[in-house]
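Residue numbers begin at 1 in each chain, while the letters A, B, ... track the order of the sequences. Reckoned from all heavy atoms, side chains included, excluding hydrogens, waters and symmetry mates.
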Number of protein chains: 2
Amino acid sequence: MNLPIGELSRRTAVKVPTIRFYEQIGLLPKPPRTEGNQRRYGKAEVDRLNFIRHARELGFEVDDIRDLLAMSAEPQASCHTADSIARNHLVEIERRIASLTALKGELTRMIDECGHGHICDCRIIEALADHSQCYGDH
Amino acid sequence: MNLPIGELSRRTAVKVPTIRFYEQIGLLPKPPRTEGNQRRYGKAEVDRLNFIRHARELGFEVDDIRDLLAMSAEPQASCHTADSIARNHLVEIERRIASLTALKGELTRMIDECGHGHICDCRIIEALADHSQCYGDH
DNA sequence: GATAGGACCTCTAGCCACTAGAGGATCAAG
DNA sequence: CTTGATCCTCTAGTGGCTAGAGGTCCTATC
């Protein structure tokens, strides 16, 4: 357990430059170095980075992750904050799913209606132009 | 129909700085100016910008939009490209929906399992850490 | 014709979360 | 001892805007 950055990368599926970037923005602590100035990581960093990656995949922002990591470091604290971060996030995800589902419907319709002929008959171009009246809904 | 940029913005729900940005990256042509150097737009620009906004809302990237605009400018061309841009986009959207739906399930479970007590019992932190083994699926 | 204040102008820099590339040092195997 | 993969730092670029500074123009009212 004295892993170079490439091995940490392999074990966490986080790219090497991204690991260095996370260190730079303070998401990962500065690890010890070899005499030749190369980073060496242990089990704790593998866990922490996996935590970070998973949270990023779930769509949490870096600031949220910072909060979550800080909380997990003090197990006596209330999990109220973690709960509300997750709840806010759930609302946002539901909103995104709804919006993407609507887009999917519209795209599918556009593709179905495309006559596969020339642009002048093509519903894709037309559909994009047609909706010039539906102003933003946010 | 000799609209200043603010009026174009109102009619298309695209913010003024964004309109100037679109001009800068070549999505919108450079409009004529008044003697005092202010932009003036006509009906064509309202349409074009509405097309752009709608395509952006549907999640098309600027490069895709550039292609779609170029195609719509030559109505005798085949719409094969428009079709494949839209199809690729649909695949991507379906992928995102599936992934967000999975995340939603996981977040819901996390929130349900959170004991509303202390971090040491909180499933939110744990759930994020737990999945340290599920490597990226892309 | 003067003036007020809103809308406009250009330009630079910042946002997020990375990603790419230059140019060089180090490490491990043969 | 050499090879070549991996590592280092540093700067700059990505996409799609957004914000702010510092100044000019337009139009309505007095």
Side-chain angles (χ1 to χ4, degrees), chain A residues 1-28 30-42 45 48-69 89 92 96 99 103 136 138, chain B residues 2-28 30-41 45 48-49 51-69 85 88-89 92 96 99 136 138:
Chain A
M1 267 314 198
N2 209 12
L3 316 170
I5 197 167
E7 184 55 29
L8 178 62
S9 169
R10 238 162 281 123
R11 295 197 188 196
T12 57
V14 175
K15 286 175 192 158
V16 168
T18 305
I19 295 174
R20 290 199 272 250
F21 169 74
Y22 284 164
E23 179 183 327
Q24 196 186 306
I25 62 171
L27 264 196
L28 280 179
K30 302 199 175 199
R33 306 275 185 133
T34 63
E35 295 206 344
N37 198 34
Q38 301 197 352
R39 292 165 179 86
R40 286 302 118 102
Y41 296 94
E45 280 69 45
R48 190 179 177 97
L49 192 49
N50 270 319
F51 181 102
I52 293 168
R53 180 184 53 79
H54 194 223
R56 286 291 302 136
E57 278 170 6
L58 284 167
F60 289 95
E61 289 174 14
V62 164
D63 277 354
D64 287 340
I65 297 175
R66 234 187 281 271
D67 290 349
L68 291 169
L69 282 167
H89 200 61
E92 174 60 18
R96 276 194 239 169
S99 139
L103 302 189
H138 44 87
Chain B
N2 209 14
L3 315 171
I5 199 167
E7 184 55 29
L8 179 62
S9 169
R10 239 162 281 124
R11 294 195 187 196
T12 57
V14 175
K15 287 176 193 158
V16 168
T18 305
I19 295 174
R20 290 197 273 248
F21 170 75
Y22 285 164
E23 178 182 328
Q24 194 186 306
I25 63 172
L27 263 196
L28 281 180
K30 301 197 179 206
R33 305 275 185 134
T34 63
E35 295 206 344
N37 198 35
Q38 301 198 351
R39 293 165 178 86
R40 286 300 117 105
Y41 296 94
E45 280 70 44
R48 190 180 177 96
L49 192 48
F51 182 102
I52 294 168
R53 180 183 51 80
H54 194 223
R56 285 292 301 135
E57 278 170 6
L58 284 169
F60 287 96
E61 289 173 15
V62 163
D63 278 352
D64 288 338
I65 296 175
R66 235 187 281 271
D67 291 349
L68 291 169
L69 282 166
I85 289 173
N88 286 343
H89 196 59
E92 174 61 20
R96 277 193 239 165
S99 146
H138 43 88

Protein N or O to nucleotides 1-4 of chain C N or O, pairs below 3.5 Å:
none

Whole Å only: how far is the [atom1] atom of [X] from the [atom2] atom of [N]?
X        : N       : atom1 : atom2 : result
Glu61(B) : dC17(D) : CD    : P     : 11 Å
Glu7(A)  : dA28(C) : CD    : C1'   : 14 Å
Gln24(A) : dA12(D) : CD    : P     : 14 Å
Arg53(B) : dC17(D) : CZ    : P     : 12 Å
Ile25(B) : dT14(D) : CD1   : C1'   : 13 Å
Glu57(A) : dA17(C) : CD    : C1'   : 15 Å
Arg10(B) : dG6(C)  : CZ    : P     : 14 Å
Leu8(A)  : dC8(D)  : CG    : P     : 11 Å

Does any N or O in the side chain of Arg53(B) come within less than 3.5 Å of the main-chain N or O of Thr12(B), such that one atom is a donor and the other an acceptor?
-> yes
Does Pro4(A) offer a backbone N or O that forms a donor-acceptor pair with the side chain of Glu7(A) under 3.5 Å?
-> no
To the nearest 0.5 Å, tell me how far Ile19(B) CD1 sits from Tyr41(B) OH.
-> 6.0 Å
Short side-chain N/O contact from Arg39(B) to OP1 or OP2 of dA7(C), under 4.0 Å = no
Distance test, side-chain N/O of Thr34(A) to OP1/OP2 of dT26(C), below 4.0 Å = no
Quick one: are [X] and [Y] in side-chain contact, heavy atoms under 4.5 Å?
X        : Y        : value
Pro31(A) : Glu23(A) : yes
Leu8(A)  : Val16(A) : no
Leu28(B) : Ile52(B) : yes
Leu3(A)  : Arg40(A) : no

First of Asp63(A) and Ile5(B) reached from the 5' end of DNA chain C, by closest nucleotide | Ile5(B)
On DNA chain C, more 5' by nearest nucleotide between Gln38(B) and Val62(A) is Gln38(B)
Counting any heavy atom closer than 4.0 Å, what does Arg33(B) reach on the DNA or RNA strands: base, sugar-phosphate only, or nothing?
-> sugar-phosphate
Show the numbers, then the answer: is there a salt bridge (charged side-chain N to carboxylate O under 4.0 Å, His left out) between Glu61(A) and Arg56(A)?
-> CA-CA 7 Å; Glu61(A) 289 174 14; Arg56(A) 286 291 302 136; over 6 Å; no
Near DNA chain D, under 4.0 Å by heavy atom, which residues of residues 14-23 of chain B?
-> Lys15(B), Thr18(B), Phe21(B), Tyr22(B)
End-to-end bend of the helix from dG1(C)-dC30(D) to dG30(C)-dC1(D) (five-pair axes, 10° rounding)?
-> 10°
